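Some notes on the structure that comes next.
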Amino acid sequence: MTGPTRRETFILGAAGLIPAAAVAQEQPRRGGVMTVHFATEQRILNPSLQASTGVYIVGGKIQEALLDLDAEGNPVGVLAESWESAPDGLTHTFRLRRGVTWHDGRPFTSADVQFTAMEMWKKVLNYGTELQRFLSEVQTPDPHTAVFKYERPMPQGLLLRALPDLGYISPKHVYENGDVRQNPANTAPIGTGPFRFVQYERGQFIIAERNPNYWRDGMPYLDRVVWRVVTDRAAAAAQMEAGQILFSPYSSLTIADMQRLGRDPRFEATTRGNEGNVRNNTLEFNFRNPVLADARVRKAIAHAINVPFFIENFLGPFAKVGTGPIPSVSTDYYPGVVEPQYRFDAALANRLLDEAGQRRGAGGVRFNLRLLPAPWGEDIALWSTFIQQSLQQVGIRIEVVRNDAAGFLRGVYNDWAFDLATGWHQYRSDPAVSTTVWYRSGSPRGAPWTNQWGWTDPRIDGIIDRAATEVDAARRKALYADFVKAVQEELPLWMPIEQIFVSVFNRRLRNVANNPRWASSSWHDTWLAS
Amino acid sequence: MRVFRLAFGRLLASLPTLVLILVGMFLLLQLAPGDTVDALLAQMGGGDAQLAEDLRRFYGLDLGIAARLGQYLGRLVTLDLGFSAIYGKPVATVIVERLPATLLLMVSALSFAFFAGLLLGVVAARRVNRWPDTLISTLGLIFYATPSFWFGLMAIVVFSVYLQWLPAGGFSEVGMGYTGLTAVLDTARHLVLPTLTLGLIFLAIYLRIMRASMLEVLSLDFVRTARAKGLTETRVVARHVLRNAMLPMVTLIGLQAGTMLGGSVVVESVFALPGLGRLAYESVVQRDLNTLLGIVFVSAILVIVINFLVDLLYARLDPRIEA
């Protein structure tokens with residue numbers, strides 16, 4: 001994967017960013033320090049124990065996964081060179097790369113894969129525990145082969161799409177003794193990646209340096225990567241302008257600053273390179289409130305909100321109207337615009353509410369609801385205020401109850417003390433990873449971002465379960481189309497806005513955003529122009 | 001010897017307050033919805049219920065409130081502040097790592113505010129109701145009315161982004177491995193803007209207090225006597241007025257030492273400094289009870305010590321006051 005592919009060159013050229021010829025001609029320069037904005041400090045840095053963008057942004061350069069995604073968004077081998085799956089979906093064999101060593105000099109072998117899969121992915125890693133629930137063992141016939149055995153069929157497409165995020169490998173010899181959660185290597189990671197961990201000063205910075213024994217010859221180009229902890233968004237934008245930060249990932253600046261820096265010729269603000277990291281703004285309904293258990297009321301609420309107006313005036317060019325729980329960037333599973341969609345129609349909203357028996361009372365108010373907005377992202381705060389004002393027009397009075405992260409999760413997903421909630425649904429490459437859990441019934445109380453709405457639909461549960469173990473790709477896609485249609489009809493929650501995270505780059509950085517999860521990937525071919 | 005006995009007495013008298021603060025804090029944080037595992041799940045972006053249950057056991061949250069409070073106080077008797085959930089290290093270590101930045105920022109900002117406020121207050125009082133006084137008083141009002149995050153951001157925009165004189169944030173140049181004098185100068189350069197930002201608001205208060213206090217003392221009889229003796233105006237102000245006018249300033253510095261610890265959350269965030277204020281804020285958001293209580297404990301001790309020093313200073317400035 002040296003140099004950009006044709007399609008990527010086309011994208012870069014089409015966007016008018018760099019002339020296609022220049023991309024082909026420029027020779028990578030060795031050396032330089034890449035400084036990165038680190039907005040949310042994490043407790044650990046090991047991506048085989050915690051799946052979150054805040055961990056990948058650091059740990060993804062130090063440790064590597066079995067696979068990553070290429071420029072087209074297809075799985076490409078990293079620590080695995082090739083793979084094959086048995087037709088029944090019960091056995092998946094990975095042939096591992098030879099001659100790879102850990103940063104401490106020990107060789108990388110199939111024992112590391114076995115240990116990480118069984119002790120970390122299956123037991124500790126969030127989303128991994130769910131994905132690998134039916135993983136029964138990992139066989140290691142030789143040091144360069146790992147055979148994954150499942151009790152139930154595991155669709156190859158699901159596994160390969162999930163592994164770039166949920167397939168990071170940790171060294172067995174470092175972790176085999178003691179509790180993996182308390183291992184000191186969690187904040188001083190040891191991996192096989194292009195950069196070697198040097199120093200972590202909490203609240204200040206993390207430093208990693210070039211791994212001289214990296215298995216890709218001549219890489220990485222950068223001497224060092226330095227992550228600077230900056231929690232204040234406005235201050236981070238100022239540091240970018242002062243040249244102290246060269247890259248701010250995952251929409252960590254304010255919407256206004258991202259747009260402002262995007263107009264500045266020194267910077268680029270783009271969703272490119274984040275296509276694998278799409279999120280929907282949600283509107284979640286609590287069915288324990290009898291008013292909301294009536295489908296007509298839920299549909300009336302959706303019709304009362306003018307989503308295109310909100311996007312145009314508040315979110316700007318980085319968002320678009322969403323059409324359901326599977327976003328349009330999901331090349332494998334997006335079913336297109338599936339009706340019903342809930343377009344803005346205040347008259348229809350009023351009629352539906354009247355039909356549901358919710359007549360206007362004193363002051364034109366039909367009923368009151370509590371709305372709990374999630375505290376991540378300025379877009380959610382704006383979205384909840386917009387909902388409040390839109391619903392006022394159709395006679396629904398909203399009280400917005402703002403909490404911090406812990407308070408929000410507890411209030412919505414454990415105490416069920418809400419009528420409406422808004423947050424993000426994050427789509428992670430395949431609907432079975434973190435999407436269908438929002439709809440599947442039977443999730444234990446307290447599990448965040450799952451169906452805690454007091455709503456059950458056995459038919460939809462059935463589709464979800466069949467799709468999760470369907471090994472035929474075409475049939476799987478059809479099942480997910482059925483799923484989208486069914487949940488759009490029922491509307492247990494609504495996902496009307498689709499947003500891709502925004503990266504802000506200093507234009508001196510080259511070979512950036514060249515795969516759909518670039519901010520999380522290894523940066524082995526990134527370089528810095530003088 | 002008397003000083004030590006006094007100090008010991010003070011500490012003993014503040015023990016009940018300290019315990020009350022810690023217990024109150026502990027109970028108050030129980031009222032906040034959600035615990036550190038919820039915060040961790042929010043950070044991870046998800047996890048199943050089994051995982052959450054494992055984590056609660058891991059952080060010792062499966063016990064009751066009374067049991068945990070008992071455990072905490074029991075440990076505190078042996079001066080063990082416990083283990084931090086976010087940092088995975090002993091709380092004492094985490095705090096000691098953050099203390100230098102906080103103290104450095106606090107002491108430099110407080111000294112700047114104190115001395116600049118003193119100077120400007122004296123100038124304003126001596127030119128009362130003339131243009132220097134009006135100018136200084138107006139500036140003071142502007143400093144006092146401006147939110148510190150705005151001051152900080154504007155300072156960054158002007159001095160770091162446009163003029164490029166000073167760094168925009170951080171405590172030192174990352175990864176340069178400076179030692180000795182270079183390291184000191186490097187940190188000093190990084191602290192100029194945060195010190196000014198934090199100091200300006202306090203400066204406004206000090207200069208107003210100093211001005212009022214000077215005006216009051218200047219009207220007293222002994223000043224008239226001094227002038228009648230034929231002393232020069234400078235000598236009157238320096239030797240006779242200043243010393244008496246300083247008492248309210250010293251009181252204020254003792255009171256504000258506590259405020260400054262908390263007040264620096266904003267400045268630390270804007271300038272990305274690794275201080276106690278930000279640590280406390282993060283501990284609340286992440287529901288890291290041990291770390292938060294540890295900070296409260298250390299801050300309370302710091303305030304007690306500073307107030308003790310202020311009392312000693314009182315006695316020195318005005319022998320009529322018995323410490």
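This one's a predicted model, so the numbers in the text were calculated from it and none came from an experiment.
Identified by a heavy-atom distance below 4.5 Å to chain A, the contributing residues of residues 26-35 of chain B are B:Pro33, B:Gly34, B:Asp35, in residue-number order. The interface of residues 179-188 of chain A with chain B, defined by heavy-atom distances below 4.5 Å, comprises A:Asp179, A:Arg181, A:Gln182. Among the residues in residues 37-49 of chain A, those with a non-hydrogen atom closer than 4.5 angstrom to a non-hydrogen atom of chain B are A:Glu41, A:Gln42, A:Arg43.
Contact tally against chain A (heavy-atom pairs below 4.5 Å) for B:Ala101, B:Gly88, B:Gly170, B:Ala85: the top residue is B:Ala85. Counting heavy-atom pairs under 4.5 Å between each of B:Val37, B:Ile86, B:Thr36 and chain A puts B:Ile86 at the top. Most heavy-atom pairs under 4.5 Å with chain A: of the set B:Phe171, B:Phe149, B:Tyr87, this distinction falls to B:Tyr87. With respect to chain A, the highest number of heavy-atom pairs below 4.5 Å among B:Ala39, B:Gly169, B:Ala272 belongs to B:Gly169.
Taking every heavy atom of both residues into account, A:Trp449 and B:Ala42 meet most closely at CH2-CA, 3.7 Å.
Checked by atom type and distance alone, the side chain of B:Arg278 pairs as donor or acceptor with a backbone atom of A:Gly203 at under 3.5 Å.
Residue A:Arg233 does not touch chain B at all, counting heavy-atom pairs closer than 4.5 Å. Interface remark: B:Glu53 contributes no atoms to any contact with chain A (heavy atom separation under 4.5 Å).
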Quick one: side chains of residues 150-163 of chain B, donor-acceptor pairs under 3.5 Å with protein atoms, not counting sequence neighbours, listed by atom name and distance.
unit_1, atom_1, unit_2, atom_2, d
B:Ser160, OG, B:Leu166, O, 3.0
B:Ser160, OG, B:Pro167, O, 3.4

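Atom-to-atom distance recorded for B:Arg98:CZ and A:Gln204:CD is 7.5 Å, nearest 0.5 angstrom. A distance of 12.0 Å separates CG in B:Asp38 from OH in A:Tyr413, rounded to the nearest 0.5 Å. Considering CG of A:Asp232 and CD of B:Glu268, their distance stands at 12.5 Å, rounded to 0.5 Å.
A:Gln50 has its side chain within reach of B:Leu40: a pair of non-hydrogen atoms, C-beta onward, lies under 4.5 Å apart.
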